[in-house]
There are 2 protein chains.
Amino acid sequence: MILARIQKLSVAIPENLAEMLEEEIIFGRIKSQERLTEEMVAERYGVSRSPVREALRLLERDGLVVREARRGIWVSPMSQRDFDEIYMCRIPLEGLIARQAAESDHPDKRAEYDTLIADLKEAQAKNDVRQFFIADVRGSFIHYTLAQNKTLMRLLAGLEKQALRYRFHAYEQNPKIIQLSLEDTTRICEAIIEGDGEAAQKLTEKLIHEIWQTMRTGILDSFGRG
Amino acid sequence: MILARIQKLSVAIPENLAEMLEEEIIFGRIKSQERLTEEMVAERYGVSRSPVREALRLLERDGLVVREARRGIWVSPMSQRDFDEIYMCRIPLEGLIARQAAESDHPDKRAEYDTLIADLKEAQAKNDVRQFFIADVRGSFIHYTLAQNKTLMRLLAGLEKQALRYRFHAYEQNPKIIQLSLEDTTRICEAIIEGDGEAAQKLTEKLIHEIWQTMRTGILDSFGRG
DNA sequence: CGACACCATAATGTATACAATATACACGTC
DNA sequence: GACGTGTATATTGTATACATTATGGTGTCG
């Protein structure tokens with residue numbers, strides 16, 4: 001019974017709501033600084049306010065919305081300052097996860113990454129930004145699984161969702177960025193497959209630093225210094 | 001009207017609840033792996049389950065409790081693995097915040113840190129662990145304020161509360177640790193006052209790495225490899 | 001005696017009703 | 001005409017009632 005299974009899977013309403021809203025925010029369908037009232041969200045998804053409140057707490061945790069007590073909730077504004085903060089933190093943390101993933105000796109490691117890289121290239125060939133993103137997120141998930149580091153996973157979850165907003169924005173402005181991003185992800189995965197933790201860490205730090213600087217001018221044009 | 005003001009300040013029930021529970025967990029009055037039922041907490045603090053649920057979400061965000069869907073919530077278990085994960089992440093993030101705090105040129109910087117260091121020394125002289133902790137947390141707050149980096153602040157908030165649990169445990173096992181911790185905090189603050197970002201970052205990374213290794217054996221004895 | 005099914009119970013998850021508060025607009029006063 | 005006060009309204013915050021589900025015990029059947 002497929003339906004039952006879907007029912008079963010979708011039992012955690014707050015998490016599901018949060019995921020849907022996340023996607024809307026990341027891909028800009030809900031715009032920056034737009035207000036989200038609990039009732040509107042509740043009505044839109046046909047649930048009561050209770051799970052909506054919990055979903056919004058989850059989004060707040062990941063920095064996608066900001067909340068002012070007794071005033072309301074807005075989609076986080078975007079700014080170059082925020083962008084810089086996110087990438088500044090991503091560099092060492094992504095470096096750490098790459099190192100730990102590289103040091104793992106899980107048997108399916110190579111196979112997982114090979115299919116991932118194939119998916120990334122396919123998405124890029126078809127110029128399908130959404131598919132590229134989904135594959136990229138799956139890549140992070142593979143890193144997490146290999147690294148077996150719950151703390152790092154928790155911290156990065158709260159960074160990558162915000163990072164995706166800026167990445168999507170940059171791709172829209174300048175599609176060439178997706179090519180760079182693909183190359184970076186591919187090279188990082190290859191370094192992880194190699195198994196040299198130190199090298200994987202250093203390379204990841206270097207590449208994220210580079211793409212940060214590359215994206216930076218575009219972000220500055222869009223949002224100003226913030 | 002002082003009472004009105006207190007009322008005003010304590011309006012955010014979930015945040016207040018979370019703070020109280022945090023303290024209980026950090027200082028071990030609520031023990032590791034103890035179950036927290038919503039109703040118990042609600043009854044204990046004389047509120048309904050709604051704000052309790054939100055408070056528990058906050059604790060979950062900061063890694064102090066773990067939640068299993070439709071099963072319940074428990075105070076996070078402690079283990080050497082967890083301890084290692086936390087310190088591994090703290091090193092670069094505390095390094096970053098030290099750097100940014102050092103690069104800030106806020107006029108009250110020196111004065112703030114001077115009174116902080118005095119408080120730390122006083123607490124240490126009186127052997128008052130609780131006061132020492134409170135001062136230490138205030139130190140982090142000064143760093144945050146100077147660094148003006150909300151993202152970093154958000155990430156560190158979710159690490160330091162957990163770190164405090166382990167630090168408190170270590171102090172109880174071996175009071176000498178508090179002396180080392182005081183020295184480290186003092187030296188970091190002095191480096192930040194100096195204003196050399198690079199040096200402050202490197203020193204912070206080095207000292208946190210050292211105290212991690214120092215605490216490690218004691219943690220191992222208490223919790224096993226985990 | 002063991003295993004499986006059923007049911008009681010307790011806890012979480014959701015919906016709804018009520019309370020408190022922030023905002024905007026109108027009215028009156030200076 | 002400008003400013004302040006009061007009130008209406010919309011929205012968040014809290015309490016409570018109801019629904020769903022995980023768990024442990026009991027009883028029966030093999």
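Only this structure's heavy atoms are used, side chains among them; waters, hydrogens and symmetry mates stay out. In what follows, chains are A, B, ... by sequence order, proteins preceding strands, each numbered from 1.
Residue-to-nucleotide proximity on DNA chain C shows that, of G46(A) and A69(A), the 5′-proximal contact is made by G46(A).
Protein atom CD of E68(B) is 18 Å distant from nucleotide atom C1' of dT20(D), rounded to whole Å. Put simply, CD on E60(B) is 13 Å from C1' on dT12(C), counting in whole angstrom units. For the pair E43(B) CD and dA11(C) P, the interatomic distance rounds to 11 Å; values are reported in whole Å. Here the P atom of nucleotide dT12(D) and the CE atom of M40(A) are 10 Å apart, to the nearest Å. Rounded to whole Å, atom C1' of dT14(D) lies 12 Å from atom CG of L17(B). Between the P atom of dG13(D) and the CD atom of E54(A) lies a distance of 13 Å, rounded to the nearest Å. We find that OH of Y45(A) is positioned 21 Å from P of dG13(C), with the value rounded to whole Å.
Distance from the side chain of R49(B) is smallest to dA17(D) among dT14(D), dA15(C), dA17(D). Ranking dG13(C), dT14(D), dT14(C) by closeness to the P51(B) side chain, first place goes to dT14(D). Closest contact between the side chain of R53(B) and the listed nucleotides dT14(D), dG13(D), dT12(C) involves dT12(C).
Side-chain contact, D136(B) with T185(B): a donor N or O sits under 3.5 Å from an acceptor N or O. S140(A) and E160(A) share a donor-acceptor pair across their side chains, judged by distance under 3.5 Å alone.
Looking at D108(B), its side chain never comes within 3.5 Å of a backbone N or O of A111(B) through a donor-acceptor pair.
Residues F83(B) and H169(B) keep their aromatic ring centres 6.0 Å or farther apart.
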Note to self: With side chain to side chain donor-acceptor pair (under 3.5 Å) as the criterion, how do Q162(A) and S76(A) come out once you've worked through the C-alpha distance, each side chain's angles and the decisive distance to 0.1 Å?
What the structure shows: CA-CA 9 Å; Q162(A) 270 194 296; S76(A) 306; 4.8 Å; no
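The side-chain tip of R90(B) points at the ring of Y87(B) from less than 6.0 angstrom away and within 45° of straight on.
In the helix from dC1(C)-dG30(D) to dC30(C)-dG1(D), the end axes, each obtained as the rotation axis mapping the C1' atoms of four pairs onto the next four within a five-pair block, lie 0° apart to the nearest 10 degrees.
Regarding contacts with the backbone of dT14(D), every side-chain N or O of S50(B) stays at 4.0 angstrom or more from both OP1 and OP2. Under 4.0 angstrom from either OP1 or OP2 of dT12(D) there lies no side-chain N or O belonging to R57(A).
The neighbour count for Q173(A) CD, taken as heavy atoms of other residues, nucleotides or ligands under 6.0 Å away, is above 12.
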Sub-3.5 Å pairs of nitrogen or oxygen atoms, protein against nucleotides 8-11 of chain D:
unit_1  : atom_1 : unit_2 : atom_2 : d
dT11(D) : O3'    : R35(A) : NH2    : 3.4

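Here the closest heavy-atom approach between residue I97(B) and residue A147(B) is recorded as CG1-CB, 3.9 Å.
Across all strands, L56(B) comes closer than 4.0 Å to no nucleic acid atom at all (heavy-atom distances).
Shown here are the side chain to side chain donor-acceptor pair (under 3.5 Å) partners of S32(B), two or more places apart in sequence or in another chain: there are none.
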